[in-house]
Participant: 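Structure in structure tokens, see below.
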Amino acid sequence: MWLTSSGFRPDQRPRYNAKVAPQIPSRGILRSMAISFLQTVRVASYIAGRKLRGVKRYPLVLMLEPLFQCNLACAGCGKIDYPKEILQKRVSVEDALRAVDECGAPMVSIPGGEPLIHKEMPQIVAGIVARKKFVYLCTNAILLAKHIDEYKPSPYLTFSIHLDGNRERHDESVCQEGVFDKAVEAIRLARSKGFRVTINCTLFNGEDPDDVAEFFDTAMKLGISGITVSPGYSYHHAPKQDVFLGRNASKHLFREIFKRRRRTSGVSWSFNHSGLFLDFLAGNQSYQCTPWSMPTYNIFGWQRPCYLLSDEGYAPSFKSLLEDTDWENYGVGRNPRCDNCMAHCGFEGTAVDDAFARPLKALKAALRGPTVSGPMAPDLPILYRDEARLGKVTEIPVSAIKRNLATEQR
Ligand code: SF4
Ligand code: SF4
């Protein structure tokens, strides 16, 4: 039997699509050139403008899903289990650019499905670049060599290549041999043509910190600008739910990985994350989710409340998404489906908010990097509403919550 590094067959391994890839300035000692100076300045001034105007909820990254169809079929993918007629639908160039304008976020991440299947993707990307938004085109890279000349290098365009690990780990993760090699070839090709390239990586239960550290070293040596990394989100639609990392297991894993930086090869890792988000991953921050910071637009409209939860309905406009979503129903301790989530689409925005509120704390985290020893910050209390509409709240002991206890106890 072909087993993954976590002990599960590839066809049993549900995946969180790390293509969500929010790209937030990081100034930590782990970074070098993960985020360009131009992007750092633009995003910082955008946030400062919202803060000065007293805007409570504002978007940082638009998650633009132009289609759900993909040329891979990872068994646990939370995005491709739609009927054929839905998989064949596309967001038009007009609708995509309207969503970009309506949202106003300074960064746009284009996940999928596989965006390079969309015939009008070059026009969508060109339109976003023309608006001077930073666009991250997320791809499994299989079609990149075929389509790369339809794009022009720009400081506003980054190819974000899906890579979950070294050759064996990645090919098992995507359920197809040879994909790792194609992705690496595509990275080299894109770099040779002057494109900015990052990778996005999802981590699951059973990851070996040594393997992950070695993979990060390998990836950086390919000349990429940075790494987007996330613990896998337990998609509601995924066929198997017990492979995901619980919160405590995630925090311990990230501490172990961060301990290994430069330990063997001396290679410096750059992450596409803020210093405080990395510190959150390592268990040192008690953050609540801010799902509006990375809103999702796809063929159905504006997805409530976030990129990960797809059964909560859609808003007809971005304004309606912001104003009519019951945000208090989502986040750690507020909704069982958020219980184990530490994804950047929920918590990177929180970390950035915190950095603006407490710049000295952010500077400290940035200069020192994530703390990898000592007691962890407490988790937020679990408060599940019995009758949400009536506002009746029940406090549930942490011990009663299914938080992948087996993995958390290690
Ligand atoms: S490569 Fe395609 S099938 Fe696999 S997780 Fe990504 S979108 Fe889903
Ligand atoms: S915690 Fe936030 S990002 Fe995660 S599933 Fe819940 S609403 Fe979505």
Side-chain angles (χ1 to χ4, degrees), residues 10-11 13-22 57 60-61 63 65-82 87 109-118 138-144 160-164 170-176 179-180 182-183 199-202 204 230-238 244 247 250 277 280 287-296 298 303-312 321 325-351 379-380 382 384:
D11 63 346
R13 181 195 280 267
R15 299 196 66 259
Y16 159 59
N17 191 340
K19 289 175 177 179
V20 295
R57 295 191 176 110
L60 282 175
V61 182
M63 311 301 303
E65 289 183 298
L67 78 173
F68 293 117
Q69 195 169 46
C70 190
N71 49 359
L72 285 176
C74 309
C77 176
K79 295 289 176 182
I80 57 170
D81 63 335
Y82 289 102
L87 292 177
S109 179
I110 307 182
E114 172 49 53
L116 296 185
I117 292 175
H118 195 308
C138 307
T139 173
N140 58 36
I142 292 174
L143 292 171
L144 191 55
S160 176
I161 310 288
H162 171 193
L163 266 187
D164 284 346
H170 183 66
D171 285 355
E172 288 175 344
S173 181
V174 301
C175 306
Q176 191 174 125
V179 177
F180 175 87
K182 282 182 187 158
I199 63 158
N200 58 75
C201 167
T202 306
F204 292 93
S230 182
Y233 172 73
S234 47
Y235 270 119
H236 193 53
H237 294 285
F244 297 106
R247 291 181 77 79
S250 290
F277 178 73
F280 162 73
Y287 284 155
Q288 184 51 281
C289 170
T290 51
W292 55 83
S293 60
M294 303 203 186
T296 298
N298 57 37
Q303 184 167 302
R304 299 187 206 273
C306 68
Y307 177 81
L308 301 168
L309 300 182
S310 57
D311 298 325
E312 304 289 307
L321 176 79
T325 302
D326 188 358
W327 298 109
E328 295 304 313
N329 269 346
Y330 304 102
V332 182
R334 296 171 175 169
N335 188 312
R337 287 194 287 163
C338 300
D339 192 33
N340 283 315
C341 179
M342 294 182 78
H344 35 10
C345 61
F347 296 90
E348 181 74 84
T350 314
D379 252 334
L380 296 176
I382 303 295
Y384 290 150

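Sequential numbering from 1 along the given sequence is applied to the chain's residues. Hydrogens, waters and symmetry mates are skipped; everything else that's a heavy atom, side chains included, is used. All ligand and atom numbering here is 1-based and tracks the order in the structure.
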Participant: Please step through side chain to side chain contact (heavy atoms under 4.5 Å, CB included) for the pair Tyr287 and Glu348, ending with a clear verdict.
Facilitator: CA-CA 10 Å; Tyr287 284 155; Glu348 181 74 84; over 6 Å; no

Participant: May I ask you to list the protein N, O or S atoms found at less than 2.8 Å from atom 6 (Fe) of ligand 2?
Facilitator: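 Per the 2.8 Å query on atom 6 (Fe) of ligand 2, atoms found are Cys338 SG.
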
Participant: Is it true that a side-chain atom of His162 and a backbone atom of Asn200 form a donor plus acceptor pair closer than 3.5 Å?
Facilitator: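 Here the side-chain-to-backbone pair does not exist.
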
Participant: At a 4.0 Å threshold, what atoms of ligand 1 neighbour a non-hydrogen atom of Cys70?
Facilitator: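 So the atoms of ligand 1 that pass are 1 (S), 2 (Fe), 3 (S), 7 (S).
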
Participant: For Ile80, state whether at least one heavy atom is located under 4.0 Å from any atom of ligand 1.
Facilitator: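 Checking ligand 1 against Ile80, which is what was asked, there is a heavy-atom contact under 4.0 Å.
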
Participant: Please step through side chain to side chain contact (heavy atoms under 4.5 Å, CB included) for the pair Leu309 and Arg337, ending with a clear verdict.
Facilitator: CA-CA 8 Å; Leu309 300 182; Arg337 287 194 287 163; 4.0 Å; yes

Participant: Counting distance only, does the side-chain N/O of Glu114 pair as donor-acceptor with the main-chain N or O of Asn140 below 3.5 Å?
Facilitator: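 The answer is yes, because a donor-acceptor pair under 3.5 Å joins these two groups.
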
Participant: Phe277: which residues meet the ring pair (Phe, Tyr, Trp, His ring centres under 6.0 Å) condition with it, sequence neighbours left out?
Facilitator: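 Listed in chain order: His273, Phe280.
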
Participant: Strictly distance-based, threshold 3.5 Å: is any side-chain N or O of Thr350 a donor or acceptor partner for the main-chain N or O of Gln288?
Facilitator: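 Side chain of Thr350 to backbone of Gln288: a pair is present.
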
Participant: Main chain of Cys341, side chain of Arg247: is a donor-acceptor contact present, judged purely on distance under 3.5 Å?
Facilitator: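 It does hold such a pair.
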
